[in-house]
**Student:** 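Quick one: structure below, then a few questions.
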Amino acid sequence: MIPFSAAESVSAKESCSGILALNPLGSYVHVHLVYHELHAKLITTTSISSSALFNSLLCCYSDCGRIDRTLLLFSSNSGSASRNVVSWTSVIAQLSRLKKPLMTLEVFSEMRRNGIWPNEYTVSAVLPACAESKVVRHGEQVHCLVWKCGFGSDLFVGSGLVDVYAKCGEMGSANKVFDEMSHKNLVTWNSMIVGCLRNKRFDFCIVLFKEVMRDESMSPDQVTVSSVLSACAHVGSAEFGSHTGRVEEGYKYYNSMIHEHGLSPRLEHYASMVDLLGRAGRLKEARKFILEMPIEPDSAVWGALLGACSNHGNIEMGKEAAARLSDMEPNDPGNYVLLSNMYARNGKLKEADQVRRLMGTKGVKKDPGCSWVDVRNSTYVFTAHDRSHPRTDEIYEMLQKIEELVKKKGYVAETRHAMNDSDAYKEQSLWVHSERLALAFSLLVLPCGAPIQIKKNLRTCGDCHTVMKLASEIFDREIIVRDVNRFHKFANGYYGELYWQSEKLKIYITGAGGFIASHIARSFKSEGHYIIATDWKKNEHMTEGVFCHEFHLVDLRVMNNCLKITRGVDHVFNLGADMAGWDSSSPTILLSCTTIP
């Protein structure tokens, strides 16, 4: 047998990759067999000591998606000098692409234990895994490594960090990274815009989109437009389930996508438009929009209409949407649940029960809802009516205490969210939802004042939403609930950014500056808030207002307390190091918000 040289082997790999690129589907099996044969010959004729050869083989299996062979080859060369930063990066990138965040992070940690320092490509590959894990400490650890290695100015690393913090619900950190980036591309802006959408900062999402539109060097893509359309659908009152939407503004962005930017709407854009119209109560218009679509609507489009019909009580149109969904996805439990909930909310309990029985007949099962919290490196999972925890008695005692306290605050149970119980037990059943059990447990075990983070595999209900909001004020806790859709943040009895919308404010800001600042200020000004910002060091007075990005990093509880104390009067926020030049005769109350966590 004629032995392969390293150069010949690398050339063979490149040839195979070319075949795969030309016809990825038809040649997949053939290329994989060539790779496998090449590897076998190399094992019998050549020592795989060349870094270029070893990395080429890793790329071979990576191209074919064979993570099993990639890991086998990689582990078989343990201790070899050929396992350099390129080979480690190749394995990390493949695991990250396959959405295996824990395995990706394990390999990354092993690389560091072996004394291998990452490069920019390694960090860019591991950051999506941090985002996928939804554990912010993973991203923070990589962020520290970024600064230690000097990658802070890298465009792709910065964009990845923005994405990590946004997906973990840390929009303050995402804002800071975004604002400190000297160069941004559309991916960076999209990460920030999508992050604002996921974290219910809908106004800010629209503000950032407008900034993209102003920049002549950039043009929005499908992701940008889809995000702003969804933001238009959700913006309005920040109270749960109450969305007035910005229909005309949404139509403007939808039309500009087609006529100004030459983008063809995709199914997600149509679904967002239906959702926008549906939330605004324009159900007939939403149905007409679907029927006039140039492409066949999918389940997301009809699902948006069904959800709107459920919220607005249009049973006949809801039945039509449910029938379409049943034809498309006969085994999707979510469609049956939506239809059943629509009947139940409108007092048609018999029809709701029939839908539930139909699910049983067809063998369709809904995933059981559960919530979990992380405490001292352990995860505690709760289901509805759960009594499996060793501290069950204490949990239910705390739950009863919460119920008594929120009722003193004016809580009235929204029994429409209790779908499967008789009227006599509806309110009682709401109090054993999994997220409330998780809340009670967290109040028992977490230190006083520590934030509470609850995760749920389904959407949190409106009644639990109200309880969380009241509990955040009663127990002086920041409560974050991450459900299947997005993050819900509560602090001091406020939800999300509701405190900004409580009234028209007069705000005086000192020490202002920063890139995001002006965009936020313009947004608030458009809502009727009057903002004056001053930068004492530059001795500049910006009448249009500049909102410093540090303002968004201030503890949420501090912000809420500020607004409570100064309700009805002007607000002064000192964002600088001092108040040099401040006119003490001004009829305002001075509040210092200089502490940045």
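Note that the structure is predicted; figures quoted are calculated from it, not measured.
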**Student:** Hey, are the side chains of I454 and L439 touching, using non-hydrogen atoms and a 4.5 Å cut-off?
**Tutor:** yes
**Student:** Give me the atom names and distance for the closest heavy-atom approach of H269 to L229.
**Tutor:** O-CD1, 4.1 Å
**Student:** Under 6.0 Å from the six-membered ring centre of F178 and within 45° of its axis: does the NZ or CZ of K184 meet both?
**Tutor:**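 Here K184 passes the 6.0 Å and 45° test against F178.
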**Student:** Would you please classify the geometry between the Y380 ring and the F441 ring as parallel, tilted or perpendicular, with 30° and 60° separating the classes?
**Tutor:**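 Ring orientation, 0 to 90° scale: tilted.
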**Student:** Give the minimum heavy-atom separation between W117 and L145, together with the two atoms involved.
**Tutor:**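 Where W117 meets L145 most closely, the heavy atoms are CZ3-CD1, 3.8 Å.
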**Student:** Could you tell me whether the side chain of V136 reaches within less than 4.5 Å of the side chain of E140, counting heavy atoms only?
**Tutor:**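 A side-chain contact exists here, since the closest heavy-atom pair is under 4.5 Å.
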**Student:** So do the side chains of M192 and M171 get within less than 4.5 Å of each other, counting heavy atoms only?
**Tutor:**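 Result yes, sub-4.5 Å side-chain heavy-atom pair found.
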**Student:** Evaluate the criterion side-chain contact (heavy atoms from CB on, under 4.5 Å) for residue pair T122 and W88; output intermediate values, then yes/no.
**Tutor:** CA-CA 8 Å; T122 319; W88 283 97; 5.7 Å; no
**Student:** Within the side chain of N199, is there an N or O that forms a donor-acceptor pair under 3.5 Å with the backbone of G195?
**Tutor:**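 It does hold such a pair.
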**Student:** Does the distance from a Lys or Arg side-chain N to an Asp or Glu carboxylate O, for E110 and R113, drop under 4.0 Å?
**Tutor:**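 Salt bridge absent between E110 and R113.
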**Student:** Is there a donor-acceptor pair under 3.5 Å between the side chain of D483 and the backbone N or O of T460?
**Tutor:** yes
**Student:** Given 3.5 Å as the limit, does a donor-acceptor pair link the side chain of N457 with the main chain of C370, or not?
**Tutor:** yes
**Student:** Under 4.5 Å between any side-chain heavy atoms of M181 and L155, yes or no?
**Tutor:**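 Side-chain contact under 4.5 Å: yes.
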**Student:** Show the numbers, then the answer: is there a side-chain contact (heavy atoms from CB on, under 4.5 Å) between M468 and H465?
**Tutor:** CA-CA 5 Å; M468 297 292 175; H465 192 278; 6.0 Å; no
**Student:** Does CZ in F475 sit with more than 12 non-hydrogen atoms of other residues, nucleotides or ligands closer than 6.0 Å?
**Tutor:** yes
**Student:** Using a 4.5 Å cut-off on heavy atoms from C-beta on, say whether the side chain of P118 contacts that of F108.
**Tutor:** yes
**Student:** Counting N and O atoms only, with roles assigned by atom type, does the side chain of N84 sit under 3.5 Å from a partner on the main chain of S87, one being a donor and the other an acceptor?
**Tutor:**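 Pair found, side chain donor or acceptor close to backbone of S87.
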**Student:** Any Lys/Arg nitrogen of D463 or R436 sitting under 4.0 Å from an Asp/Glu carboxylate oxygen of the other?
**Tutor:** yes
**Student:** Could you check whether atom OH of Y121 has more than 12 heavy atoms from other residues, nucleotides or ligands sitting under 6.0 Å from it?
**Tutor:** no
**Student:** For the pair S90 (side chain) and V86 (backbone), establish whether a donor and an acceptor sit closer than 3.5 Å, ignoring hydrogens and angles.
**Tutor:** no
**Student:** Mark yes or no for whether S226, through its side chain, and Q222, through its backbone, hold a donor-acceptor pair below 3.5 Å.
**Tutor:**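 Not a single qualifying donor-acceptor pair exists.
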**Student:** Any Lys/Arg nitrogen of K176 or E180 sitting under 4.0 Å from an Asp/Glu carboxylate oxygen of the other?
**Tutor:** yes
**Student:** Is any side-chain heavy atom of P220 less than 4.5 Å from a side-chain heavy atom of M213?
**Tutor:** yes
**Student:** So, the side chain of S227 versus the backbone of V223: is there a donor-acceptor pair under 3.5 Å, distance only?
**Tutor:**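 A pair under 3.5 Å: yes.
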**Student:** Of all the heavy-atom pairs spanning N185 and M218, show the shortest one and how long it is.
**Tutor:**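 The pair with the smallest heavy-atom distance is C-SD, 4.0 Å.
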**Student:** Among pairs that include at least one residue of residues 373-387, which meet salt bridge (Lys or Arg N to Asp or Glu O under 4.0 Å), considering only residues two or more places apart or in two chains?
**Tutor:** D374-K455
**Student:** Indicate yes or no: does E394 engage R391 in a salt bridge with an N to O separation below 4.0 Å.
**Tutor:** yes
**Student:** For the side chain of H234 and the backbone of A231, is there at least one donor-acceptor N/O pair under 3.5 Å apart?
**Tutor:** no
**Student:** Does K100, at its NZ atom, have more than 12 non-hydrogen atoms belonging to other residues, nucleotides or ligands within less than 6.0 Å?
**Tutor:** no
**Student:** Under a 3.5 Å distance rule, please check whether R459 uses its side chain to pair with a backbone N or O of V484 as donor and acceptor.
**Tutor:**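 Not a single qualifying donor-acceptor pair exists.
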**Student:** Would one find more than 12 heavy atoms of other residues, nucleotides or ligands at under 6.0 Å from atom CZ of R137?
**Tutor:**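 No, the 6.0 Å shell around CZ holds no more than 12 heavy atoms from other groups.
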**Student:** Measure across S96 and A129 and return the closest heavy-atom pair with its distance rounded to 0.1 Å.
**Tutor:**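 Smallest heavy-atom distance, with atoms named: OG-N, 3.8 Å.
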**Student:** Any side-chain donor paired with an acceptor under 3.5 Å for S272 and D275?
**Tutor:**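 Per modelled atom types, S272 and D275 side chains form no pair under 3.5 Å.
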**Student:** Indicate yes or no for a side-chain donor-acceptor contact from S191 to the backbone of D163 under 3.5 Å, with no hydrogens or angles considered.
**Tutor:**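 Not at all, since once roles are kept as given, no pair shorter than 3.5 Å links the two residues.
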**Student:** Check S472 against G493 and note the closest heavy-atom contact, atom names and distance.
**Tutor:** OG-N, 3.0 Å
**Student:** If you compare all heavy atoms of T383 against all heavy atoms of L437, which two are closest, and at what distance to 0.1 Å?
**Tutor:** O-CD1, 3.3 Å
**Student:** Could you check if a side-chain atom of V177 sits within less than 4.5 angstrom of a side-chain atom of H143, using non-hydrogen atoms only?
**Tutor:**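 Yes, side chains in contact.
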